[in-house]
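Every number for a ligand or one of its atoms is a count from 1 in the order of the listing.
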Amino acid sequence: MSTQRTLLLTSWFFPHKVIRWEDAVTLVYLGKADTVVEYGEEISSPSVTMKLPAVVRLRKSFGRTKRGVRFSRVNVFTRDGFRCQYCGERFAMSKLTFDHVVPRAAGGRTEWTNIVTACRACNSKKGDKTPDRSGMFPRQAPVQPKTLPLTGPVVDVTQAPIEWRDFLVVTT
Ligand SMILES: [Zn+2]
């Protein structure tokens with residue numbers, strides 16, 4: 001059985017998710033998505049032979065923003081534009097961390113209004129100190145967003161199948 005994954009695009013060709021190819025075949029079979037790019041590899045059952053879908057696109061459109069935004073690493077980074085809130089530099093997700101503005105040791109909670117995106121250098125410089133003691137204040141006061149722009153799946157372009165490359169958004 002193939003272990004290939006399929007890139008699922010929104011109706012406007014924006015990368016949405018990475019899914020199992022079996023799920024992609026199901027979406028195409030149900031008429032919910034169309035195949036955009038195929039892999040060279042074929043799958044066959046007694047009745048059907050088909051090429052594995054590499055990239056599929058949803059037929060139905062949905063909004064460009066997410067509502068009811070869940071608290072998660074990627075959503076916090078998205079809110080902050082993948083920028084460290086202390087030095088202001090933009091980083092790849094793998095180089096970013098959560099910073100508790102008011103440290104946990106001082107009673108700070110892990111929630112939207114107390115977490116900001118920080119690079120590792122700023123995070124360790126600030127350490128377990130409050131903004132007052134460290135002299136480091138986030139550039140923007142952290143808030144709970146009502147909506148966020150949709151982001152694509154976090155895919156390392158250099159590791160992604162060649163068939164996906166035209167559709168991936170480079171965030172660094
Ligand atoms: Zn920084």
- Keeping the roles fixed (side chain from K129, backbone from G135), state whether a donor-acceptor pair exists under 3.5 Å. no
- Close to the Zn ion (ligand 1), meaning under 2.8 Å, how many protein N, O or S atoms are there? 4
- Query: Going only through I, L, V, M, F, W and Y residues with side-chain contacts under 4.5 Å, is there a path from L8 to I162?
  - Reply: no
- Message: If I take atom CG from residue L27 and atom CG from residue L58, how far apart are they, to the nearest 0.5 angstrom?
- Response: 6.5 Å
- Note on the structure: Interatomic distance, CG@N114 vs CZ@R104, rounded to 0.5 Å, equals 10.0 Å
- Task: For atom CZ of R133, decide whether the heavy atoms of other residues, nucleotides or ligands shown that lie under 6.0 angstrom number more than 12.
- Result: no
- Under the side chain to side chain contact (heavy atoms under 4.5 Å, CB included) test, residues paired with S124 that sit two or more places apart: none
